[in-house]
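What follows is a single structure, written as structure tokens, with notes after it.
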Amino acid sequence: MAIVIKRIGILTGGGDCPGLNAVIRSIAKPALTFINAKVIGILDGFEGFVEGRIRELTKLDVTGIVNLGGTILGTSNKGDPFHYPRDGTSGVMVTDCSDLVVDNYRQWGLDALIAIGGDGTMNIAHNLTKKGMNIVGVPKTIDNDLDATDITFGHDSALQVATEAIDRLQTTASAHHRVIVIEVMGRYAGWIALGAGVAGGADVILIPEIPFNWDVIFDFVWKRSKGARYSIICVAEGAKPEDGHHIIKEQDSKRTDPIRLGGIGEIVAARIQEETKLETRVTVLGHVQRGGSPSAFDRILGTKFGTMALHAASRGEFGTMVSLRGRDVVTVKLEDAIKHQRLVPPDSQLIMAARAVGVCFGD
Ligand code: F6P
């Protein structure tokens, strides 16, 4: 059912990624130009929604930002309104502040909210729709771990950064006849490690979906040291040995996802050097993967997602998320979008192709 949108809110939640501004622009421009709506920016994700950090956006705010990384609205991976953390005298106190979000939504007279984020944001959005808010989600994350869309925007840009890093490590590894381990992000999914590893020509790729065996890796790099004389190992932050567990860098109860992974790269490098005596170095790519300009693909996908999210809102299709299926953007129900994490199927064509060109997955 078509509805008249007079005031539309936009929020970016969770970790940032390249392409967020392209989405904001493609919601705000047509909203201001074609449907004559006011565009209201929620600052710093749901934290800003609870605290009432909200302002109207003008055309000037969204001009010249398609190529800009980050988000002009700011974001936060803390502050789930349903479990809102506040510092108290006896540590962090968690309370349900979702009514404050609903109050702010009503106070600003919003007809709809477009929530741009990953699984955490979509979960919160789903719960807020149950409280009567009109929400359409837009899927972002460099990790590409949302099951209900073929791809999230931001992933392609991260892949490019990680691939270029591997290209650079190839030349120095080969010059010094070393083993170089590169740890990339991705949380519990191996999409970044697999994609960048294949594109960059990594010799070993370790992903969470295929637990690895230490001896297989030692043997593989040892053999390469007698031939090519160097090896590149691309490790996902969520990778783990067959008999081991994820390496956790930090736990923070204020975060929507309290666990921050990281550290497996150091462990892999240290074990290889210890067991094989081959000179080994490690690079942890970190937030370089999230920063900087979006790729052309992410700018285009972001523009399509934003426009289609506004269309969905104008049709009154709330409680949904836009999603890429093939070449088309469709809408899926939020409750379906949050059901499953999108992990690399160990029997996927890309894994098969990588194995065919000699990549070792440590299994
Ligand atoms: O979800 C995106 C992501 O970059 C993950 O790949 C990574 O594990 C996490 O966010 C890092 O979070 P933070 O920015 O809080 O360090």
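Sequence positions, counted from 1, serve as the residue numbers for this chain. Computed from heavy atoms alone, side chains included, the values below leave out hydrogens, waters and symmetry copies. Whatever order the structure lists them in is the order used to number ligands and atoms, beginning at 1.
Ring pair Tyr188/His246 is perpendicular by interplanar angle, where above 60° counts as perpendicular and below 30° as parallel.
Contact annotation: for Gln289 versus ligand 1, there are no heavy atoms closer than 4.0 Å. At a heavy-atom cutoff of 4.0 Å, ligand 1 is contacted by no atom of Leu261, backbone or side chain. The part of Asn77 lying near ligand 1 is the side chain, judged by heavy-atom distances below 4.0 Å.
Close approach of ligand 1 to Arg187 (heavy-atom distance below 4.0 Å) involves ligand atoms 5 (C), 6 (O), 8 (O). Proximity to Ile142 (heavy-atom distance under 4.0 Å) selects the following atoms of ligand 1: 4 (O). Near Arg255, meaning under 4.0 Å from one of its heavy atoms, ligand 1 places the atoms 12 (O), 13 (P), 15 (O). Below 4.0 Å from some heavy atom of His287 lie the following atoms of ligand 1, by number and element: 13 (P), 14 (O), 16 (O).
As a member of the Ile/Leu/Val/Met/Phe/Trp/Tyr network built from side-chain separations under 4.5 Å, Ile351 groups with Trp191, Leu194, Val198, Ile205, Ile207, Ile210, Val344, Leu350, Val357, Val359, Phe361.
In this structure, CG in Asn67 is found 5.0 Å from CZ in Arg299, a value given to the nearest 0.5 Å.
If you check which protein heavy atom lies closest to atom 2 (C) of ligand 1, you get Asp143 OD2, 3.3 Å. Scanning the protein heavy atoms around atom 10 (O) of ligand 1, the nearest turns out to be Arg290 NH1, 3.1 Å. Among protein heavy atoms, the minimum distance from atom 8 (O) of ligand 1 is reached at Glu237 OE2, 2.5 Å.
Hydrophobic cluster membership is shared by Tyr84 and Ile124, with clusters built from Ile, Leu, Val, Met, Phe, Trp and Tyr side chains linked at under 4.5 angstrom. Follow the hydrophobic side-chain contacts under 4.5 Å out from Val329 and you reach Ile8 in the same cluster.
Relative to the six-membered ring of Phe218, Arg271 misses at least one condition, a distance below 6.0 Å or an angle of at most 45° to the axis.
Judged purely by atom type and a 3.5 angstrom limit, Ser295 uses its side chain to pair as donor or acceptor with the backbone of Asp298.
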TODO: Could you walk me through whether Leu20 and Ile116 pass the side-chain contact (heavy atoms from CB on, under 4.5 Å) test, one step at a time?
DONE: CA-CA 8 Å; Leu20 285 166; Ile116 313 164; 3.6 Å; yes
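Residue contacts with ligand 1 include Gly186, since one or more of its heavy atoms lies under 4.0 Å from the ligand.
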